[in-house]
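Here is the structure we will look at.
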Amino acid sequence: MYNPHEFLVDNVKRQVAEFLVSKGFAVEPAQVEVRKAPKTFGDLAVPLFTISKVVKGLSVEEVSTLFGGFKPSGLVKSSKVENNFLNLVVDEKRYAEVVYSSVVRLGDNYGFVPAETRERIIVEHVSANPIHPLHVGHLRNGVLGDSLVRLLRARGHEVKAHFYVDDVGLQVAYAAKAFSIVGGEGQGKKDHFVGTLYTAINLLIEVKKLREKAKSASGDELAEINSKVSEYLWRLGELSEKFPGLIEKLLEWVEKTEDPEAELRRLNRMYEEGDPSTVKLTRRVLDYCLEGIRETLDRLGISFDSWDWESELTVWSGATSDVIDKLRGLGLVERRDGALVFRADLLAESEDVRRAAGIPPGFTVTPMTLVRSDGTTLYTTRDIAYSIWKLSRADRVINVIAVQQTLAQAQLRLALYALGYRDVGRRLIHYSYEMVNLPGTRMSSRRGVYVSADEVIEEAVARAKEEIAKRGVGDVGDAEKVGIGALKFFFLSQTPGKVLTFDWKRVLDFEQNSGPFVQYSYVRALGILRKASEEHIRPDELNVGDVGEEEHPLILLVGEFPNVVKEAADNLRPDLLASYLNTLATEFNRYYDSYPVLRAPTTSKKYSRLAVVKMVEQTLKNGMKLLGIEAPQRM
RNA sequence: GGGCCCGUAGCGCAGUCAGGAAGCGCGGCGGCCUCCUAAGCCGCAGGUCCCGGGUUCGAUUCCCGGCGGGCCCGCCA
């Protein structure tokens, strides 16, 4: 028994259908709709207007009257017709047997309902530019991606987590040049050091350009330029304080170089061509920075099975030029001002193509430049080649990518459709998430305006340490688990499709509706079980034979868990699981406060309550694992 | 100008896909630790579900039109 909730619902459907059949109406169990009832009405509800649609010739009122005579049995202990709903209360004693035996038998695998077909799935996520530290946006991406990986694995799929290393774009040349100017390695965390260089060289070049522009500007334009220049200089001053000496070296290069941007474009082209010394120079900074990024990811418990280098997979392999040649051969490419343009817009005129490529009707698709007039390719062009690589290794590819890329991802799918991937809409999924806002500002890695993931982690862990110390129960060494648990829950508990404003107060709120709240509830359950074991009560002595009304809500919730995991995995909705865990934790805390377990009125009550606590503990544990949240033993 | 997303209690959000019984947290107010960890629990206050039409027996949910906010429409990524 993998899914007690489904078993329960099937039981209800059968009873309702049999009841109708006994009254002379031919109804199949599958035609009966069962949903969760609002708490005050019961556990489950059958909307009777749906029955009146299925049963010909009966009005809702007649159906309601009819169900007044419904006698529940099996897993249902009572029923009542209210507001055109048949409200049902589950028999917690009988249902508890079903749920408990499932939890005990499956243990750490409780909640994992195997999918009908086992798919090979690639989840590509984080994929941050390897030239600066991860910021809060990447944190949202990685936490979501990682929980998708875990959820899909729980469904029995063969899932690989991939990190796409974008080492081809022009921005890489900036970092590489800056890194070589200052002579490589510096102090501090590696990715932060590289990020500083990257920001600094960007700002320096920007200032140089603005000053050039200022010479021929006047009035408002000049004022605007001056204000930008002073803002950038102020940022540079800050960086200079953090890393004395570096900025001066970069400044020297920017000053003495006639056209720094042209120089960087040249460097970029040489990298694309695979020039050995440029590759060596560039890879040095990228590897260096990735070490820092990996350190952050390790700390977060986010791991990858594959690091896919854009240069190797798409450029040096020749895959991108193959793609361009093939698209040209299909007659969907035209030349505009020396550039090659893929007419995604023409392709999107067909409704059939849209359906197959997963483009919503009405969504405006624009043409897409494949090759610049200087012969170099663009990110999305190379992404076509990369996607082909991924599609050859998986049944389904899930890309966790910001919502801003929606159009580019649509163009990508259309290109793949044209190249023969007729089911690309189903196989290549843009798992889109909204951006993370900083109150007041707009983040930009290039300008160095961002909150790094490391800062956020540090702050959360420090806060956790404080809280643990304040209480004196737990181990301050668990601050890492609690702080990071808080962070992950924060990002997971909100639907990905909504803009998230990064609010320190909410991230560091460890009360209800938070990671630490769920962890705390788990620890409480664990504490009871620990004491039981100190009393030499063996797990096999526990049973749910004497559960009652008090345990009713917990039994229902625990039984629902596998179904929640299934829904969360199949619909790619980790937030469903986060919200479920919060509900279970809340319900458990209520129970904890209201009913003594170890000091239950009778021995048989005690053993049954312990069995329920055991179920809750197992469920919270398995659920947190799926969100990538670790739990301490005490806190 | 076109497209996509969002608008639900003072604030942050769930519910909207498959229409049917308005929910959670924070904040506010008031209670609860001689009893398994108070990161907890209980109670109270707080809502024209942005507005206007339409479809429907029934709309926060679907459709149309507005309004407000965000994002995208680059030979950037």
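Quantities reported herein were computed from a predicted structural model and do not represent experimental measurements. Hydrogens, waters and symmetry mates play no part in the numbers below; they use all other heavy atoms, side chains included. Quick note on labels: first sequence line is chain A, next is B, and so on, each numbered from 1.
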By nearest heavy atom, map A:Asn83 and A:Leu500 onto RNA chain B; which one lands nearer the 5' end? A:Leu500
Identify all pairs in which a protein N or O lies below 3.5 Å from an N or O of nucleotides 6-11 of chain B, and state each distance.
unit_1 : atom_1 : unit_2   : atom_2 : d
B:rG7  : OP1    : A:Lys498 : NZ     : 3.4

From the set B:rC4, B:rC73, B:rG2, return the single nucleotide nearest to any side-chain atom of A:Phe363. B:rC4
Which whole number of Å gives the distance between the P atom of B:rC50 and that of B:rG68? 16 Å
Rounded distance in Å between the P positions of B:rG27 and B:rG12: 15 Å
Holding to salt bridge (charged side-chain N to carboxylate O under 4.0 Å, His left out), I want the full list of residues that pass it with A:Arg35, two or more places apart in sequence or in another chain. A:Glu33
How would nucleotides 33-40 of chain B be written as a contact map, 5' to 3', with B for base contact, S for sugar-phosphate-only contact and - for no contact, using protein heavy atoms under 4.0 Å? --SBBSBB
Would you mind reading off the distance between A:Lys53 atom NZ and B:rA18 atom P, rounded to a whole angstrom? 13 Å
Under a 3.5 Å cut-off for both contacts, is B:rC62 paired Watson-Crick or G-U wobble with anything, and if yes, with which nucleotide? B:rG54
State whether A:Lys470 and A:Glu466 are salt-bridged, where the test is any N-O pair (Lys NZ or Arg NE/NH1/NH2 against Asp/Glu carboxylate O) under 4.0 Å. no
For A:Val143, check side chain to side chain contact (heavy atoms under 4.5 Å, CB included) against everything at least two apart and list the hits. A:Lys488, A:Phe491, A:Leu492
Please give the nucleotide sitting opposite B:rG23 as a Watson-Crick or G-U wobble pair, both distances under 3.5 Å, or none. B:rC13
Can you tell me, in whole Å, how much space there is between the C1' of B:rA22 and that of B:rU8? 9 Å
Roughly how many Å apart are B:rU48 and B:rC11, using the P atom of each and rounding to a whole number? 13 Å
Close N/O contacts between protein and nucleotides 75-77 of chain B (under 3.5 Å):
unit_1 : atom_1 : unit_2   : atom_2 : d
B:rC75 : OP2    : A:Thr369 : OG1    : 3.1
B:rC75 : O5'    : A:Thr369 : OG1    : 3.3
B:rC75 : O3'    : A:Arg372 : NE     : 3.3
B:rC75 : O2     : A:Ser373 : N      : 3.1
B:rC75 : O2     : A:Ser373 : OG     : 3.1
B:rC75 : N3     : A:Ser373 : OG     : 3.0
B:rC75 : N4     : A:Arg336 : O      : 3.3
B:rC75 : N4     : A:Asp337 : O      : 2.5
B:rC76 : OP2    : A:Arg372 : NE     : 2.4
B:rC76 : OP2    : A:Arg372 : NH2    : 2.6
B:rA77 : OP1    : A:Arg372 : NH2    : 3.3
B:rA77 : OP2    : A:Tyr379 : N      : 3.1
B:rA77 : O3'    : A:Asp166 : OD2    : 2.1

Contact class for A:Lys36 (heavy atom, under 4.0 Å): base, sugar-phosphate, or nothing? nothing
Test log, rule side-chain contact (heavy atoms from CB on, under 4.5 Å), inputs A:Leu264 and A:Asn268: CA-CA 6 Å; A:Leu264 293 167; A:Asn268 178 228; over 6 Å; no
Atom CG of A:Leu407 to atom C1' of B:rC5: distance rounded to whole Å? 15 Å
Residues two or more places apart in sequence or in another chain: which of them pass salt bridge (charged side-chain N to carboxylate O under 4.0 Å, His left out) with A:Arg266? A:Glu263
Checking all strands, does A:Ala45 fall into the base, sugar-phosphate, or nothing category for heavy-atom contacts under 4.0 angstrom? base
Not counting sequence neighbours, which residues clear salt bridge (charged side-chain N to carboxylate O under 4.0 Å, His left out) with A:Asp167? List them please. A:Arg283
Between A:Ser373 (side chain) and A:Gly338 (backbone), is there a donor-acceptor pair under 3.5 Å? no
Under 3.5 Å for both donor-acceptor distances, Watson-Crick or wobble: does B:rG40 have a partner, and if so which one? B:rC32
Counterpart base for B:rC71, defined by Watson-Crick or G-U wobble contacts under 3.5 Å: B:rG3
Between CG of A:Asn437 and C1' of B:rC71 the distance, given in whole Å, is 10 Å
Looking at A:Arg269 and A:Thr376, would you say the former's side chain and the latter's main chain have a donor-acceptor pair under 3.5 Å? no
First encountered from the 5' end of RNA chain B, between A:Lys505 and A:Thr364: A:Thr364
For A:Arg426, all residues meeting salt bridge (charged side-chain N to carboxylate O under 4.0 Å, His left out), sequence neighbours excluded: A:Asp423
Starting at CG of A:Leu576 and ending at C1' of B:rU16, how long is that distance when rounded to a whole Å? 14 Å
Classified by glycosidic angle (syn within 90° of 0, else anti), B:rC72 comes out anti
Please list every donor-acceptor pair under 3.5 Å in which a side-chain atom of residues 502-509 of chain A meets a protein atom from a residue at least two apart or in another chain.
unit_1   : atom_1 : unit_2   : atom_2 : d
A:Asp503 : OD1    : A:Lys505 : N      : 3.0
A:Asp509 : OD1    : A:Glu511 : N      : 3.0

Under the salt bridge (charged side-chain N to carboxylate O under 4.0 Å, His left out) definition, can you give me all pairs with a residue in residues 598-615 of chain A, not counting sequence neighbours? A:Glu535-A:Lys606, A:Glu550-A:Lys605, A:Glu550-A:Arg609, A:Glu551-A:Arg609, A:Lys614-A:Glu617
Considering only the C1' atoms, how many Å lie between B:rC13 and B:rG7, rounded to the nearest integer? 12 Å
C1' atom, B:rC4 versus B:rG43: distance in rounded Å? 44 Å
Could you tell me how far B:rA45 sits from B:rC26 if I compare only their C1' atoms? Round to whole Å. 15 Å
Measuring only the C1' atom in each nucleotide, how far is B:rC24 from B:rG46? A whole number of Å is fine. 14 Å
Name the nucleic acid region contacted by A:Arg609, choosing base, sugar-phosphate or nothing; use a 4.0 angstrom heavy-atom cut-off, strictly under. nothing
Between B:rC72 atom P and A:Ile401 atom CD1, what is the distance in whole Å? 15 Å
Rounded to whole Å, please give me the gap between CG in A:Asn571 and P in B:rG15. 12 Å
What's the CG-C1' distance between A:Asn582 and B:rG12, to the nearest Å? 14 Å
Filter on ring pair (Phe, Tyr, Trp, His ring centres under 6.0 Å), then keep only pairs touching residues 576-601 of chain A, sequence neighbours left out; what's left? A:Phe561-A:Tyr580, A:Tyr591-A:Tyr595
Does anything in residues 478-487 of chain A form a side-chain hydrogen bond (donor to acceptor under 3.5 Å, both in side chains)? List the pairs, not counting sequence neighbours. A:Arg299-A:Glu480
In this structure, CG of A:Leu370 is separated from CD of A:Glu334 (nearest 0.5 Å) by 11.0 Å
From CD of A:Gln409 over to C1' of B:rG3, roughly how many Å is that when rounded to an integer? 17 Å
